[in-house]
Peer 1: 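Here you go, one structure.
By convention in this document, chain letters (A, B, ...) are assigned in the order of the sequence lines, proteins followed by strands, and residues within each chain are numbered from 1.
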2 protein chains.
Amino acid sequence: MSDPDQRSSAATSPSPALVKQSLRVWLKMLKATKHVEATVREKLRIEFDTTLPRFDVMAALYRFEEGLKMSELSSALRVSNGNVTGIIERLVADGAVLRVPVAGDKRAMLVRLTHKGREEFAKMAAAHQLWINEIFGSLSPDTTARLISMLDTIEHSQGLSPGEDQDA
Amino acid sequence: MSDPDQRSSAATSPSPALVKQSLRVWLKMLKATKHVEATVREKLRIEFDTTLPRFDVMAALYRFEEGLKMSELSSALRVSNGNVTGIIERLVADGAVLRVPVAGDKRAMLVRLTHKGREEFAKMAAAHQLWINEIFGSLSPDTTARLISMLDTIEHSQGLSPGEDQDA
DNA sequence: GAAAATAATTTCAAGTATGAAATTTCATGC
DNA sequence: GCATGAAATTTCATACTTGAAATTATTTTC
């Protein structure tokens with residue numbers, strides 16, 4: 001290490017100024033993320049009469065045409081099991097999702113999009129890409145690449161043990 | 001503008017590759033943010049037996065010692081009015097928050113931390129700073145500064161009309 | 001100064017979200 | 001073959017979140 005006062009380590013307590021800067025960037029990140037999320041939520045509601053959690057579930061199911069087990073779904077989305085149960089219930093009621101028992105295992109359920117669900121999601125996904133591009137298109141490709149790399153660093157910082165991030 | 005195919009505009013439809021890159025960075029940002037949030041949530045739960053929404057409310061009240069009206073609180077936190085009502089109810093029940101009627105206005109309520117609430121929050125805030133620093137301290141001050149600037153760009157991209165972001 | 005518009009909150013219905021407990025089923029050891 | 005533990009889901013209690021409707025109090029307008 002080549003900086004006697006610039007980086008925090010386990011041994012030396014970080015300078016108050018740097019701690020404050022960490023806090024600042026985190027609050028900024030949170031605010032920017034909430035801004036984008038709120039935009040997407042509102043557009044999903046207005047244009048497609050749906051919600052972000054439903055969109056997220058459908059996105060996961062769209063990728064895995066063969067279907068996903070409930071537990072796979074909840075770990076892919078990083079939400080609790082009980083949560084997924086409720087969202088799937090409503091999607092099934094709306095005819096967007098189908099539940100299929102798994103062949104050799106009476107415990108498990110395979111969940112997949114219906115044809116109607118796939119068609120609906122395709123439309124939403126196309127619109128979603130445009131919304132996101134309206135926001136992130138203002139960054140140059142180079143800046144975007146650097147941003148991704150910084151986010152990667154953050155995502156792989158410690159802080160918590162469990163889960164350990166397998167990609168979705 | 002000096003790039004015939006590198007930036008999206010209202011006139012020219014963005015290239016699919018750039019749209020995909022926008023989507024990638026957004027998903028990455030969402031994932032990193034959720035990672036940090038989950039870390040904070042879990043630490044608040046384990047170490048202080050509290051939740052992130054409660055922490056956020058207390059943080060706002062900590063800043064405004066004189067207290068805030070319910071509506072000021074909900075707009076500062078950018079959450080709905082009804083939401084704040086419930087969180088404050090629980091904080092009052094726990095003796096962390098006090099409700100005071102406003103002098104000249106029988107509709108409004110001033111909400112402020114009790115002494116106990118201030119003390120509790122001070123401890124949590126100190127711990128919170130360390131947690132955040134454990135994560136964001138891995139970025140150099142320079143990188144952090146650039147990250148803040150990028151996030152600023154994102155936050156001020158259009159996408160939605162309402163609210164228009166006055167700072168909290 | 002009564003009626004109408006505004007403002008500050010709460011209430012409400014529905015949906016999300018969590019972690020823990022309960023259920024049912026499967027796999028193994030013995 | 002059965003007890004035991006692990007796996008897959010659901011159920012449950014609680015809390016958070018939203019947008020809209022309802023309530024109560026203030027301000028404006030005529």
Peer 1: Relative to the 5' end of DNA chain C, which residue comes earlier, A:Gly82 or B:Thr85, by the nucleotide with the nearest heavy atom?
Peer 2: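 Result of the comparison: B:Thr85.
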
Peer 1: For side chain to side chain contact (heavy atoms under 4.5 Å, CB included), just list the numbers for B:Leu68 and B:Val111, CA-CA rounded to whole Å, side-chain angles, deciding distance to a tenth of an Å, and then say yes or no.
Peer 2: CA-CA 5 Å; B:Leu68 283 175; B:Val111 174; 5.6 Å; no

Peer 1: Measure from the side-chain heavy atoms of A:Ser80 and tell me the nearest of C:dG15, C:dA17, C:dT18.
Peer 2: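 Nearest to the side-chain atoms of A:Ser80, counting from C-beta on, is C:dT18.
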
Peer 1: Regarding B:Gly86, tell me which of base, sugar-phosphate or nothing describes its non-hydrogen contacts under 4.0 Å with the strands shown.
Peer 2: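 Counting heavy atoms under 4.0 Å across all strands, no contact is made by B:Gly86.
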
Peer 1: In whole angstrom, what separates A:Lys69's NZ from C:dT25's C1'?
Peer 2: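 It is 12 Å, rounded to the nearest whole Å.
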
Peer 1: Checking A:Ser71 against A:Ser74: is there a side-chain donor and acceptor pair closer than 3.5 Å?
Peer 2: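 Per modelled atom types, A:Ser74 and A:Ser71 side chains form no pair under 3.5 Å.
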
Peer 1: Where the side chain of A:Thr114 meets the backbone of A:Gly95, is there a donor-acceptor pair that is under 3.5 Å apart?
Peer 2: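 Checking the backbone N and O of A:Gly95 against the side chain of A:Thr114, a donor-acceptor pair under 3.5 Å is found.
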
Peer 1: Begin with the C-alpha distance, continue with both residues' side-chain angles, and end with the deciding distance and a verdict on side chain to side chain contact (heavy atoms under 4.5 Å, CB included) for B:Leu77 and B:Val57.
Peer 2: CA-CA 8 Å; B:Leu77 299 176; B:Val57 164; 3.6 Å; yes

Peer 1: Base, sugar-phosphate, or nothing: which does B:Ser71 touch, judged by heavy atoms less than 4.0 Å apart?
Peer 2: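 Sugar-phosphate: the residue B:Ser71, judged by heavy atoms under 4.0 Å, touches backbone atoms but no base.
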
Peer 1: How far apart are the C-alpha atoms of A:Arg146 and A:Asp142, what are their side-chain angles, what is the distance that settles it, and do they pass the salt bridge (charged side-chain N to carboxylate O under 4.0 Å, His left out) test?
Peer 2: CA-CA 6 Å; A:Arg146 272 183 296 147; A:Asp142 189 62; 3.7 Å; yes

Peer 1: Compare the minimum distances between each of C:dT16, D:dT9, C:dT25 and the side chain of A:Lys106, then state the nucleotide with the smallest one.
Peer 2: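 Closest nucleotide among those given: C:dT25.
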
Peer 1: Given D:dT9, C:dA17, D:dT17, identify the nucleotide with an atom nearest to the side chain of A:Pro53.
Peer 2: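 Nearest nucleotide to the side chain: C:dA17.
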
Peer 1: When you measure from the centre of the six-membered ring of A:Tyr62, is the NZ or CZ of A:Arg118 under 6.0 Å away and within 45° of the axis?
Peer 2: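 Judged by the rule (NZ or CZ under 6.0 Å from the ring centre, within 45° of its axis), A:Arg118 counts as positioned above A:Tyr62.
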
Peer 1: For B:Met109 and D:dA25, give me the distance from atom CE to atom C1', rounded to whole Å.
Peer 2: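 After rounding, the gap between these two atoms is 12 Å.
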
Peer 1: Closest approach to the side chain of A:Ile87, judged atom by atom: which nucleotide of C:dA17, C:dA8, C:dT10 is it?
Peer 2: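 When the side chain of A:Ile87 is considered, C:dA17 is the closest of C:dA17, C:dA8, C:dT10.
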
Peer 1: I want to verify a distance call: between D:dT11, C:dG19, D:dC16, whose nearest atom is closest to the A:Glu89 side chain?
Peer 2: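 Looking only at side-chain atoms, A:Glu89 lies closest to D:dT11.
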
Peer 1: If you check every side-chain atom of B:Arg45, which of C:dT9, C:dA20, D:dT11 has the closest atom?
Peer 2: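 Per side-chain heavy atoms of B:Arg45, the pick is C:dA20.
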
Peer 1: NZ of A:Lys43 versus P of D:dT18: gap in Å, rounded?
Peer 2: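 Distance check: A:Lys43 NZ to D:dT18 P gives 19 Å.
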
Peer 1: Nearest whole angstrom, please: distance from the P of C:dG15 to the CG of B:Asn83.
Peer 2: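 The answer, rounded to whole Å, is 18 Å.
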
Peer 1: Strictly below 4.0 Å: does B:Arg41 bring a side-chain N or O up to OP1 or OP2 of D:dC16?
Peer 2: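 False: B:Arg41 side-chain N/O out of range (4.0 Å or more) of D:dC16 OP1/OP2.
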
Peer 1: Could you tell me how far apart A:Leu68 (CG) and D:dA8 (P) are, to the nearest whole angstrom?
Peer 2: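 It works out to 13 Å between those atoms.
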
Peer 1: To the nearest angstrom, how far is B:Glu37 atom CD from C:dT16 atom P?
Peer 2: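 So the CD-P distance, B:Glu37 to C:dT16, works out to 18 Å.
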
Peer 1: Where each residue is assigned the nucleotide of DNA chain D containing its nearest heavy atom, which of A:Arg107 and B:Thr51 is assigned the position nearer the 5′ end?
Peer 2: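 Between the two, 5'-proximity favours A:Arg107.
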
Peer 1: Could you tell me how far apart B:Met70 (CE) and D:dT24 (P) are, to the nearest whole angstrom?
Peer 2: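 The distance from CE of B:Met70 to P of D:dT24 comes to 17 Å, rounded to the nearest Å.
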
Peer 1: Could you give the CZ-to-P distance, from A:Arg78 to C:dT18, as a whole number of Å?
Peer 2: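 Distance, rounded to whole Å: 11 Å.
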
Peer 1: Using the side-chain heavy atoms of A:Arg90, tell me which of these nucleotides is nearest: D:dT10, C:dT9, C:dG15.
Peer 2: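 Nearest to the side chain of A:Arg90 among the choices is C:dG15.
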
Peer 1: Under 4.0 Å, counting only non-hydrogen atoms across every strand here, what does A:Leu52 touch: a base, just sugar-phosphate, or nothing?
Peer 2: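 Nothing: the residue A:Leu52, judged by heavy atoms under 4.0 Å, touches no strand.
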
